[in-house]
*Asks:* 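What follows is a single structure, and I will ask about it in a moment.
In what follows, chains are A, B, ... by sequence order, proteins preceding strands, each numbered from 1.
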Number of protein chains: 2
Amino acid sequence: MHHNVYICRMENECKICPFSSKASEKLCECSYDELNENHAKVNFIKGNSILKQGNLSSNVIFLRTGLAKIHLSGPSHEQIVRLVKAPTYLGLPTTFGNKINQYSVTTLSDVEVCYIDINVFQKLLKSNEDFSYEIILELCNSELESFRRCANRTQKQTRGNLADVLLEFANHIFESETFTLPISQSEIGKLIDTSRESVSRLLSEFDKDGLIKMNGKQIEITNKKSLELISQNG
Amino acid sequence: MHHNVYICRMENECKICPFSSKASEKLCECSYDELNENHAKVNFIKGNSILKQGNLSSNVIFLRTGLAKIHLSGPSHEQIVRLVKAPTYLGLPTTFGNKINQYSVTTLSDVEVCYIDINVFQKLLKSNEDFSYEIILELCNSELESFRRCANRTQKQTRGNLADVLLEFANHIFESETFTLPISQSEIGKLIDTSRESVSRLLSEFDKDGLIKMNGKQIEITNKKSLELISQNG
DNA sequence: AATATTTTGTGATATGCATCACAATGTATA
DNA sequence: TATACATTGTGATGCATATCACAAAATATT
């Protein structure tokens, strides 16, 4: 696997970062200086590990551009918790909740990330209440989403969960009815707790039934209404 | 169903509250005054709703004593997300993440709770960085636990998840090998995503195999090692 | 371009668990 | 104390989906 990583520091980079979060809008001039001098911008190509379960966590990560998966090793096999799209912070829970990373993050496209030293991030939190407050909001929403997702995973059957994944790609990740799957069928299986064989069979079924057009990893959603129905009744 | 609710305000109550959290240790004198004048202490008996999915959320809740369940209505039926034991904050995610409660909290024993107005709590967060920071830590850990629990629910089979529930009661909730189940078999089913019939059959099996002694809702764990094995290989 | 590796398609078979059905017991309520 | 309601036990049956097996296709590596 190829690596393509570089690190640089730029004047004012954080302040003018076009991908900055709602939280970082709350930062003042001096906080930005602090950030500028204590972060590392890194580029990864598709398939690289940004954060690895079991390693010591020493950085908060801001995903500037690109797509990644959050995954962890479950009691019997790997599980993909969710897919995340820039811009977003990554690894807040794992960095603050535990000295050792409790999950991994791996890129699904070429990405740009900023590594922010945990001590610097901590200092920001402690010195800026508005920033802290926005982070708290993000964490709260993230946990609510975890609850919802878990209920779906456990209660819907495979057909419904697969429909959801396709709709998530179309509606939120690519915002287009046509897209190229950024993960393999085996990975889709790990995302919806099923076997790769089932994913394959169901994708063929969706294709045959005219819900999607599939050509390799190229997908076109041709009947969103029906997919939504399947999502509900799965 | 009987109700037993009273509200009172006491001098210095929050500061001397023996159940206070690590987060509230960070509060200063004036913050405590603020809290004292803006919270309502309420007692509930078993089976009451502290917080209801779909209602407007206007209070953060601190569970002083007792046991409760966090639950929500999933795509096909009710799911119990987890059981929570005092002392703990409740409904942080649902209160800050969304104007409308995304989950319910119901008591499983007689409990004491404090309702803290959301605006007061917000003010505390914004005026006390250490308090905010502790809340952030709690939220991070909570999300990590959500991830772990979801992986267990989806990957372990029923036997393993049931063993986990029994071990959780013994190890964390009651801290004793002997306890009275605070929930019905049907609720255990909702906690581990299975039917009440399966729960019944498996509990009988555990009893027959000498892992537990069961007499109505009275449980004694007689072979913890085996339960732990089942938990792992489920 | 040739070879190795990963990904996908599809049949056959096995199985864990849901669901239905109904009786028995336990618990609340009038 | 009697009656209604909720909980539990246990058999019979069906189904969604895992698993195994193997071939074909696509992608990566030399």
*Asks:* Under a 3.5 Å distance rule, please check whether E112(B) uses its side chain to pair with a backbone N or O of K41(B) as donor and acceptor.
*Replies:* no
*Asks:* Knowing that exactly one of I45(B), L67(B), T65(B) qualifies, which makes a side-chain contact (heavy atoms from CB on, under 4.5 Å) with S109(B)?
*Replies:* L67(B)
*Asks:* Whole angstrom is fine here: how far is it from CD in Q218(A) over to C1' in dT7(C)?
*Replies:* 17 Å
*Asks:* In whole angstrom, what separates E205(A)'s CD from dT10(C)'s C1'?
*Replies:* 14 Å
*Asks:* How would you label the contact of D193(B) with the nucleic acid (heavy atoms, under 4.0 Å): base, sugar-phosphate, or nothing?
*Replies:* sugar-phosphate
*Asks:* Take nucleotides 3-9 of chain D nucleotide by nucleotide from the 5' end and write B, S or -, depending on whether a protein heavy atom sits under 4.0 Å from the base, only from the sugar-phosphate, or from neither.
*Replies:* ----SBB
*Asks:* Before you tell me yes or no, could you show the steps for K224(B) and E228(B) under salt bridge (charged side-chain N to carboxylate O under 4.0 Å, His left out), namely the whole-Å CA-CA distance, both residues' side-chain angles and the distance that decides it to 0.1 Å?
*Replies:* CA-CA 6 Å; K224(B) 194 184 265 194; E228(B) 282 161 354; 5.3 Å; no
*Asks:* Under 3.5 Å, is there a donor-acceptor pair linking the side chains of Q218(B) and T180(B)?
*Replies:* yes
*Asks:* K190(B) and E78(B): which non-hydrogen atoms are nearest, and at how many Å?
*Replies:* CG-O, 3.6 Å
*Asks:* Can you tell me the distance, in whole Å, between the NZ atom of K190(B) and the C1' atom of dA18(C)?
*Replies:* 15 Å
*Asks:* Whole angstroms only, please: what is the CD-P distance between Q155(B) and dT17(D)?
*Replies:* 16 Å
*Asks:* Is any side-chain nitrogen or oxygen of S195(B) closer than 4.0 Å to OP1 or OP2 of dT19(C)?
*Replies:* no
*Asks:* How many whole angstroms separate atom CD1 of I192(B) from atom P of dG16(C)?
*Replies:* 16 Å
*Asks:* Which pairs pass side chain to side chain donor-acceptor pair (under 3.5 Å) with one or both residues in residues 97-107 of chain A, sequence neighbours excluded?
*Replies:* H71(A)-T106(A)
*Asks:* Could you state the atom-to-atom distance from CG of N215(A) to P of dT27(D) in whole Å?
*Replies:* 10 Å
*Asks:* I want to check one thing: is the phosphate of dG16(C), taken as OP1 and OP2, less than 4.0 Å away from some side-chain N or O of T158(B)?
*Replies:* no
*Asks:* Could you state the atom-to-atom distance from CD1 of I230(A) to P of dA16(D) in whole Å?
*Replies:* 14 Å
*Asks:* Are side-chain N/O atoms of Q155(A) and D193(B) paired as donor and acceptor at under 3.5 Å?
*Replies:* no
*Asks:* State, without any angle test, whether S231(B) and K156(B) hold a side-chain donor-acceptor pair at a distance under 3.5 Å.
*Replies:* yes
*Asks:* Say whether S142(B) and R82(B), considering side chains only, have a donor N or O and an acceptor N or O under 3.5 Å apart.
*Replies:* yes
*Asks:* Figure out the CG/C1' separation between L181(A) and dT6(C), and round it to whole Å.
*Replies:* 16 Å
*Asks:* For S198(B), report the nucleic acid contact type (base, sugar-phosphate, nothing); a contact means any heavy atom under 4.0 Å.
*Replies:* sugar-phosphate
*Asks:* Once pairs are restricted to Watson-Crick or G-U wobble with both distances under 3.5 Å, how does DNA chain D read as a dot-bracket string, [ ] for crossings and | for other-strand pairs?
*Replies:* ||||||||||||||||||||||||||||||
